[in-house]
Q: 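Encoded as structure tokens, here's the structure I'll be asking about.
Letters A, B, ... mirror the listed sequences (proteins, then strands); counts begin at 1.
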Number of protein chains: 2
Amino acid sequence: MADQPDAPLTRIQQKNRDLILEGALTAFSINGFRGATLDQIARAAGLSKPNVLYYFASKDDIHKTLLTTLLDMWLAPMIRIDPQGEPLAEVMGYVRAKLDMSRRFPRESRLFAYEILQGAPHLTEILGGSLRQIVDTAAAILQGWMDQGRLARVDPHHLIFSIWALTQHYADFDVQVRAVLGPGHDPFIEADPFIENLYRRMLAV
Amino acid sequence: MADQPDAPLTRIQQKNRDLILEGALTAFSINGFRGATLDQIARAAGLSKPNVLYYFASKDDIHKTLLTTLLDMWLAPMIRIDPQGEPLAEVMGYVRAKLDMSRRFPRESRLFAYEILQGAPHLTEILGGSLRQIVDTAAAILQGWMDQGRLARVDPHHLIFSIWALTQHYADFDVQVRAVLGPGHDPFIEADPFIENLYRRMLAV
DNA sequence: CGTGTTCCTGACCATTTGGTCAATAAAGGA
DNA sequence: TCCTTTATTGACCAAATGGTCAGGAACACG
């Protein structure tokens, strides 16, 4: 189990930890933290339950590891907004990246959705800490563009919230979207031009 | 317990069922279905656990009753869209009504959010049935206005999705929004002009 | 006041579930 | 090969949890 936290992992450790995190991501994203069981996770990972607990101290540990590991990936597109770029193109690039992530990583989206719904017990410090800084930085860039008259003036923080809401909706509420649209629709393909048009019209000077 | 399903409720039955549903709404909206316990619900309602199960057959029964009872209220604003009204005003009225509901009924919003995230085990028929019909009706009205050139042309279904996403985001992800904004902000008050501006610019002809 | 119905509860039960542990098997390295 | 370290597991445990039940309290009503 956990010797030195900085000890390099053996090949077996690396592989099994990955298997567990992969299975746990599926389990947590379907049923949430409370709803997912160690048995489910173990089965999804192809390991026995005690063996899962040999690699992670607790169910909570798995969950926290997943969240913190995936958060960087989840926030990466926002960091790539380039202050030197063309404003509208930068925003549209971010929007498209987020929508693409919702399509390709719906499990991750739901994992975070459950966590935030729950009151973010594992992420509170991060939300008000590093996440807030990242958002503030992006908001400052957007504000700068607006001050230069290169982007229509809107509240930059709520602009960012709107991008999160619109894109993650298609991952988190997938069943509802599909049920309402009926068969023969690809929600993501249809959403793309709609959302693009939305931001173009709102942000054009 | 369940005598005739159509038997009129006594005053005590009415009061206690209401207490239970009220407590359950709080419990389910905080922890989700699996996370909420009958003890929590009983405590929140001020009743003993067996007494709760005297009025409802099971935890599942409480949950299903809550969902179906609240769904009408939740969808009401969409039904009030008036085909005879001024298009932009009707849309803005719906948007404002939804945002107001997120502010006043965050527990209801989270209850549905959990249910949909979970794959809507209790709402699948409704989602593809009556909900779909209501949405299709509203979408047809919107489409009519667009065909008349009284509203900019966008996909009406995704327009509705965007309204849901943007407004419910402030209820469902409240902790995140507040953490990012920091103290001294009222998310709903700030969101109102942002969202209003968004739809005005997107939908103006 | 008496009696039938409704309401309420303490005690109990079966199952699920997160987690432990001693013992065994498999690697790994000299 | 031998021995140390790492992996793995069956059996087990305690707590939590949804639900039951028999009996008692409160109420309604003739």
Side-chain angles (χ1 to χ4, degrees), chain A residues 1-28 30-67 114 118 121-122, chain B residues 1-28 30-67 114 118 121-122:
Chain A
M1 19 191 98
D3 300 301
Q4 275 75 334
D6 50 343
L9 299 178
T10 69
R11 240 178 317 157
I12 295 180
Q13 283 170 341
Q14 189 60 257
K15 187 194 68 176
N16 283 348
R17 284 180 66 97
D18 286 352
L19 283 174
I20 292 167
L21 291 175
E22 172 66 22
L25 175 55
T26 297
F28 287 141
I30 291 175
N31 296 308
F33 179 74
R34 302 282 301 257
T37 70
L38 280 174
D39 282 289
Q40 278 174 30
I41 296 172
R43 208 177 317 128
L47 301 173
S48 69
K49 187 171 70 168
N51 205 13
V52 167
L53 290 168
Y54 173 74
Y55 289 104
F56 288 91
S58 64
K59 182 183 170 185
D60 216 77
D61 185 26
I62 303 176
H63 193 232
K64 194 181 292 190
T65 302
L66 258 186
L67 284 173
Y114 270 118
Q118 207 106 33
H122 286 148
Chain B
M1 33 189 93
D3 299 303
Q4 275 73 336
D6 50 345
L9 299 178
T10 69
R11 241 179 316 158
I12 295 180
Q13 283 170 342
Q14 189 58 258
K15 188 193 69 177
N16 282 349
R17 283 181 66 98
D18 285 352
L19 283 174
I20 292 167
L21 291 175
E22 171 66 23
L25 175 56
T26 298
F28 287 141
I30 291 175
N31 295 309
F33 179 74
R34 303 283 301 257
T37 70
L38 280 174
D39 281 291
Q40 278 175 31
I41 296 172
R43 208 177 316 128
L47 301 173
S48 69
K49 186 170 68 165
N51 206 13
V52 167
L53 290 168
Y54 173 74
Y55 289 104
F56 288 91
S58 64
K59 181 183 171 185
D60 215 77
D61 185 25
I62 303 176
H63 193 232
K64 194 181 293 189
T65 302
L66 258 186
L67 285 173
Y114 270 118
Q118 206 105 33
H122 286 149

Q: Give a yes/no on whether any side-chain N or O of B/Gln13 is located under 4.0 angstrom from OP1 or OP2 of C/dC7.
A: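 Yes, within the criterion.
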
Q: Can you measure B/Ile12 atom CD1 to C/dT6 atom P for me and round it to whole angstrom units?
A: 11 Å

Q: Indicate whether OP1 or OP2 belonging to D/dT8 is found under 4.0 Å from a side-chain N or O atom of A/Tyr54.
A: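 Answer is no, no contact under 4.0 Å.
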
Q: Looking at C/dT6, I'd like to know if its phosphate oxygens (OP1 or OP2) sit under 4.0 Å from a side-chain N or O belonging to B/Asn16.
A: no

Q: Would you classify B/Ala42 as touching base, sugar-phosphate or nothing, given that sugar-phosphate means primed atoms plus P, OP1 and OP2, and contacts are heavy atoms under 4.0 Å?
A: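 Here B/Ala42 touches no strand at all.
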
Q: Return the value, rounded to whole Å, for the distance between atom NZ of B/Lys15 and atom P of C/dT6.
A: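 After rounding, the reported distance stands at 17 Å.
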
Q: Reckon A/Asn51 has a side-chain N or O less than 4.0 Å from the OP1 or OP2 of D/dT9?
A: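 Yes, A/Asn51 has a side-chain N/O under 4.0 Å of OP1/OP2 on D/dT9.
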
Q: Tell me which nucleotide among D/dG18, C/dT9, C/dT20 gets nearest to the side chain of A/Leu53.
A: C/dT20

Q: Picking from D/dG19, C/dC7, C/dG19, which would you name as closest to the side chain of A/Leu38?
A: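 Out of D/dG19, C/dC7, C/dG19, the nucleotide with an atom closest to A/Leu38's side chain is C/dG19.
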
Q: OP1 or OP2 of C/dT16 versus the side-chain N and O atoms of B/Arg34: is any pair under 4.0 Å?
A: no

Q: CG/A/Leu47 to OH/A/Tyr54 distance, rounded to the nearest 0.5 angstrom?
A: 12.5 Å

Q: Would you find a donor on one side and an acceptor on the other, under 3.5 Å apart, between the side chain of B/Tyr114 and the backbone of B/Ile30?
A: yes

Q: Reading DNA chain D from 5' onward, which residue's closest nucleotide shows up sooner: A/Val52 or B/Ala36?
A: A/Val52

Q: Can you tell me if the side-chain N/O atoms of A/Tyr55 get under 4.0 Å from OP1 or OP2 in D/dT8?
A: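 Yes.
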
Q: D/dG19 base to B/Lys49 side chain: any donor-acceptor pair below 3.5 Å?
A: yes

Q: Any idea which of D/dG19, C/dT17, D/dT9 is nearest the A/Ser48 side chain?
A: D/dT9

Q: A/Pro50 has a side chain; which of D/dG19, C/dG19, C/dC21 sits nearest to it?
A: C/dC21

Q: What is the distance, rounded to the nearest whole Å, between atom CZ of A/Arg43 and atom C1' of C/dG18?
A: 15 Å

Q: Do A/Phe33 and B/Asn31 have side chains that approach each other closer than 4.5 Å (heavy atoms only, starting at C-beta)?
A: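 A side-chain contact under 4.5 Å is absent here.
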
Q: Would you check if B/Phe28 and B/Lys59 make a side-chain contact, meaning some heavy-atom pair closer than 4.5 Å?
A: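 B/Phe28 reaches B/Lys59 side chain to side chain.
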
Q: Rounded to whole angstroms, how far apart are CG on A/Asp39 and P on D/dC12?
A: 17 Å

